[in-house]
Novice: 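Questions regarding the structure given below will be posed in turn.
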There are 2 protein chains.
Amino acid sequence: MEDTPPSETAAPKGTVTQRAIERIKAMIGDGLLEPGQRLPTERDLAAQLGISRSSMREAIRALTVLGVLEARHGSGIYVTQLSAGDLLETFGVVADLSRGTRLVELLEVRRILESTAAALAAARITPEQLALVEGHLAAMNATDDPEEILAHDLAFHRAIASAAGNETMAAILEGVSSRTFRARVWRGYQEEGAFARTRREHAAIHRALLARDPEAARAAAAAHVGEVEQWLRAQVNT
Amino acid sequence: MEDTPPSETAAPKGTVTQRAIERIKAMIGDGLLEPGQRLPTERDLAAQLGISRSSMREAIRALTVLGVLEARHGSGIYVTQLSAGDLLETFGVVADLSRGTRLVELLEVRRILESTAAALAAARITPEQLALVEGHLAAMNATDDPEEILAHDLAFHRAIASAAGNETMAAILEGVSSRTFRARVWRGYQEEGAFARTRREHAAIHRALLARDPEAARAAAAAHVGEVEQWLRAQVNT
DNA sequence: CGGCTCAAGTGGTCCGACCACTGCGATGAC
DNA sequence: GTCATCGCAGTGGTCGGACCACTTGAGCCG
């Protein structure tokens with residue numbers, strides 16, 4: 001059932017701030033504002049849309065956290081490059097605030113995407129990208145500092161995702177693997193002496209990439225994430 | 001020249017608004033604020049953090065667009081249920097502002113997730129869920145109104161994603177398939193008389209679900225999304 | 001010519017006032 | 001006693017103005 005819109009001259013949908021957000025989003029969507037371009041000042045924008053500067057600032061702040069705009073103190077407001085990384089940065093918030101079952105679901109999504117990314121990377125990876133992967137693999141095995149291991153672990157997977165040639169997928173994986181997310185899950189996982197297993201699994205992924213074997217890479221990556229996933233699933237069901 | 005800045009007691013990282021956002025996020029992350037719970041008033045919150053109400057409002061607005069908070073005029077500010085749908089609603093913004101190559105990448109992500117979702121659904125779908133899928137399939141075939149077809153098409157895929165049993169994955173697919181996104185892509189796609197093909201592909205997915213054949217469902221869904229993906233890829237390369 | 005100063009412009013913050021809406025207790029009809 | 005109605009206190013929403021912090025670039029000085 002639908003209720004017919006009473007009037008169409010003025011669409012008083014929601015708050016003025018919400019309308020301002022939509023207006024600016026529409027300007028960018030319609031190409032009136034190009035990536036990297038500087039917007040009018042807050043005061044001018046507010047005047048243009050007929051709202052107060054306070055409301056306009058809220059709209060700008062909203063678009064800032066969404067990765068659409070970037071405010072530089074003393075300089076002006078700019079449209080971001082609207083890259084996948086810019087717009088998907090907020091994805092990390094989801095991971096940060098997720099608990100229990102949702103963490104398992106996120107890991108399942110990661111397993112699906114990461115295994116495919118590994119398969120694509122096996123077919124496309126360049127020698128330079130492969131060297132980067134090997135560098136993080138070696139660094140990961142050369143230390144016992146959990147913090148450092150985690151950092152190189154993240155970089156290891158990021159390099160593979162990047163080599164898959166899909167920036168959007170890489171950005172999503174980046175969010176799902178956000179630092180706080182992994183730190184929370186891995187804290188418990190690694191306490192059970194899973195370091196050796198993790199290193200074996202990483203080595204297996206690397207071997208598959210080296211052999212340029214997509215299916216082997218897919219299987220190795222799926223198994224790697226799946227291990228953590230199963231462990232976490234057991235934890236949640238406790 | 002002057003001596004070094006004296007500030008050391010407080011770590012003034014970024015703007016006060018940004019700090020307020022982090023503080024509230026931390027409160028939720030630490031469990032001090034439960035889903036659905038009502039927050040103190042804007043005025044009280046501002047006083048607690050020692051900032052002005054304006055800055056606090058910007059922080060609240062930011063967390064509102066992120067799907068973390070919900071402000072009800074005249075009533076108060078509440079923490080959302082923090083469901084996958086709440087937090088991933090912003091994902092639609094990515095789809096809305098994407099152009100060219102990124103649209104292809106988004107479709108590739110959708111193909112990966114949707115094919116897996118179909119496979120999972122084939123194994124898990126309940127009779128009730130299957131009936132829902134069939135309902136939208138029939139409705140889609142019973143009309144020629146593009147708007148109505150699009151609506152039932154979305155619902156068709158949403159029902160399958162829901163039956164896969166991973167709310168997070170379903171929410172991501174919902175964002176990737178946002179109304180404006182599909183409307184933009186499909187406008188051109190369907191103009192080339194792809195209605196018949198689309199109906200065949202939907203029927204194939206439904207058959208696989210009915211037969212409870214995960215691999216067939218995976219293949220059918222991948223082929224379905226892949227068709228659009230290949231068409232769009234050709235458009236972009238023009 | 002090069003480096004420096006400084007003023008204009010911009011985003012960041014704060015304040016106080018008022019409006020629009022919600023929720024609920026007081027009120028009164030039945 | 002029950003229930004509908006009214007009105008008020010409290011809350012988020014909007015506004016306007018003031019001032020602060022920072023960037024930028026033109027103009028000055030050496």
Side-chain angles (χ1 to χ4, degrees), chain A residues 3 6-7 10-24 27-28 33 36-80 86, chain B residues 1-24 27-28 33 36-80 86:
Chain A
D3 45 23
S7 66
K13 48 177 179 182
T15 68
V16 294
T17 301
Q18 197 60 39
R19 263 178 289 169
I21 294 175
E22 300 298 334
R23 286 282 296 271
I24 297 179
M27 286 189 212
I28 297 175
L33 292 174
Q37 184 176 339
R38 184 176 180 281
L39 275 68
T41 71
E42 294 178 345
R43 294 165 175 85
D44 289 347
L45 275 174
Q48 283 182 28
L49 301 192
I51 65 179
S52 72
R53 192 189 163 205
S54 313
S55 299
M56 178 54 70
R57 274 190 60 77
E58 287 188 27
I60 293 170
R61 172 73 61 179
L63 290 169
T64 296
V65 301
L66 289 179
V68 176
L69 297 183
E70 178 189 357
R72 302 179 199 161
H73 193 170
S75 174
I77 307 165
Y78 301 80
V79 182
T80 68
D86 292 330
Chain B
M1 287 305 162
E2 298 299 322
D3 50 344
T4 54
S7 63
E8 50 186 84
T9 54
K13 47 173 182 182
T15 67
V16 293
T17 301
Q18 196 62 39
R19 263 178 290 167
I21 294 174
E22 299 300 333
R23 285 282 297 270
I24 297 180
M27 285 191 217
I28 297 176
L33 292 175
Q37 185 176 341
R38 184 177 181 280
L39 274 68
T41 70
E42 294 179 345
R43 294 165 175 87
D44 289 345
L45 275 175
Q48 283 183 27
L49 301 192
I51 66 179
S52 71
R53 192 186 162 206
S54 311
S55 300
M56 178 54 70
R57 275 191 59 78
E58 287 188 25
I60 293 171
R61 172 72 63 177
L63 290 168
T64 296
V65 300
L66 289 179
V68 176
L69 298 183
E70 178 188 359
R72 304 180 199 159
H73 193 170
S75 174
I77 308 165
Y78 301 80
V79 182
T80 68
D86 292 330

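By convention in this document, chain letters (A, B, ...) are assigned in the order of the sequence lines, proteins followed by strands, and residues within each chain are numbered from 1.
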Novice: To the side chain of B:Ser55, which of D:dC15, C:dT13, C:dG11 is closest?
Specialist: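 Nearest listed nucleotide: C:dT13.
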Novice: Can you tell me if B:Thr80 uses its side chain to pair, donor with acceptor, with the backbone of B:Leu69 under 3.5 Å?
Specialist: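 Between the backbone of B:Leu69 and the side chain of B:Thr80 there is no qualifying donor-acceptor contact (under 3.5 Å).
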Novice: Can you see if the side chain of B:Arg57 gets near the phosphate of D:dC15 - specifically, an N or O under 4.0 Å from OP1 or OP2?
Specialist: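 Answer is no, no contact under 4.0 Å.
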Novice: Just how far is it from atom CD1 of A:Ile51 to atom CZ of A:Arg23, taken to the nearest 0.5 Å?
Specialist: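 Reported value, rounded in 0.5 Å steps: 9.0 Å.
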Novice: Write down the distance between CD (A:Glu42) and P (D:dT23), rounded to a whole number of angstrom.
Specialist: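 Whole-Å distance recorded here is 16 Å.
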Novice: Nearest-Å distance, CD1 (B:Ile21) to C1' (C:dT13)?
Specialist: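 After rounding, the gap between these two atoms is 14 Å.
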Novice: Do A:Thr15 and B:Arg61 make a side-chain contact, defined as non-hydrogen atoms from C-beta onward lying under 4.5 Å apart?
Specialist: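 A side-chain contact exists here, since the closest heavy-atom pair is under 4.5 Å.
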Novice: Is any side-chain heavy atom of A:Thr64 less than 4.5 Å from a side-chain heavy atom of B:Gln18?
Specialist: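 Not touching, per the 4.5 Å side-chain cut-off.
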Novice: Got A:Val65 and B:Glu58 here, is their nearest side-chain heavy-atom distance under 4.5 Å?
Specialist: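 Heavy-atom side-chain distance check fails, nothing below 4.5 Å.
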Novice: Rounded to whole Å, please give me the gap between CG in B:Asp44 and C1' in D:dG12.
Specialist: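 My rounded result for the distance is 13 Å.
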Novice: Checking contacts here: which listed nucleotide (D:dG12, C:dT13, D:dT24) is nearest the side-chain heavy atoms of B:Thr17?
Specialist: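 That would be C:dT13.
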Novice: Could you measure the distance from the CD atom of A:Glu42 to the OG atom of A:Ser52? Nearest 0.5 Å is fine.
Specialist: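 Here the rounded value is 11.0 Å.
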Novice: B:Glu58 has an atom CD; how far is it from atom P of C:dC15, in whole Å?
Specialist: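 My rounded result for the distance is 14 Å.
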Novice: What distance separates B:Gln37 CD from B:Tyr78 OH, expressed to the nearest 0.5 Å?
Specialist: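 Result: 11.0 Å between the selected atoms.
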Novice: Near DNA chain D, under 4.0 Å by heavy atom, which residues of residues 66-74 of chain A?
Specialist: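 Hits under 4.0 Å, by residue number: A:His73, A:Gly74.
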Novice: Starting at the 5' end of DNA chain D and moving along, which residue's nearest nucleotide shows up first, A:Gln18 or B:Arg38?
Specialist: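 Result: B:Arg38.
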Novice: Rounded to the nearest angstrom, tell me the gap between atom CE in A:Met56 and atom P in C:dT10.
Specialist: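 One finds 15 Å between P of C:dT10 and CE of A:Met56, rounded.
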Novice: Using whole Å, report how far CZ of B:Arg61 lies from P of D:dG13.
Specialist: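 My rounded result for the distance is 6 Å.
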Novice: Report which part of the nucleic acid B:Ile77 touches: base, sugar-phosphate, or nothing (heavy-atom distance under 4.0 Å, all strands).
Specialist: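 It contacts sugar-phosphate atoms only.
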Novice: From the set D:dT23, C:dT10, C:dC14, return the single nucleotide nearest to any side-chain atom of B:Val16.
Specialist: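 That would be C:dC14.
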Novice: Measuring to OP1 and OP2 of D:dG13, would you say a side-chain N or O of A:Ser54 lies under 4.0 angstrom away?
Specialist: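 The answer is no; no side-chain N or O of A:Ser54 sits under 4.0 Å from OP1 or OP2.
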Novice: Answer with yes or no whether A:Arg43 presents, from its side chain, a donor or acceptor under 3.5 Å of a partner atom in the base of C:dG11.
Specialist: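 Present.
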Novice: Determine whether a donor-acceptor pair (N or O, by modelled atom type, separation under 3.5 Å) exists between the side chain of B:Arg38 and the backbone of B:Ser75.
Specialist: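 Answer holds: yes.
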Novice: Considering only heavy atoms, which members of residues 45-53 of chain B lie under 4.0 Å from some atom of DNA chain C?
Specialist: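 Correct list: B:Ile51, B:Ser52, B:Arg53.
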Novice: Given side chain to side chain contact (heavy atoms under 4.5 Å, CB included), test B:Met27 with B:Val79 step by step and report yes or no.
Specialist: CA-CA 11 Å; B:Met27 285 191 217; B:Val79 182; over 6 Å; no
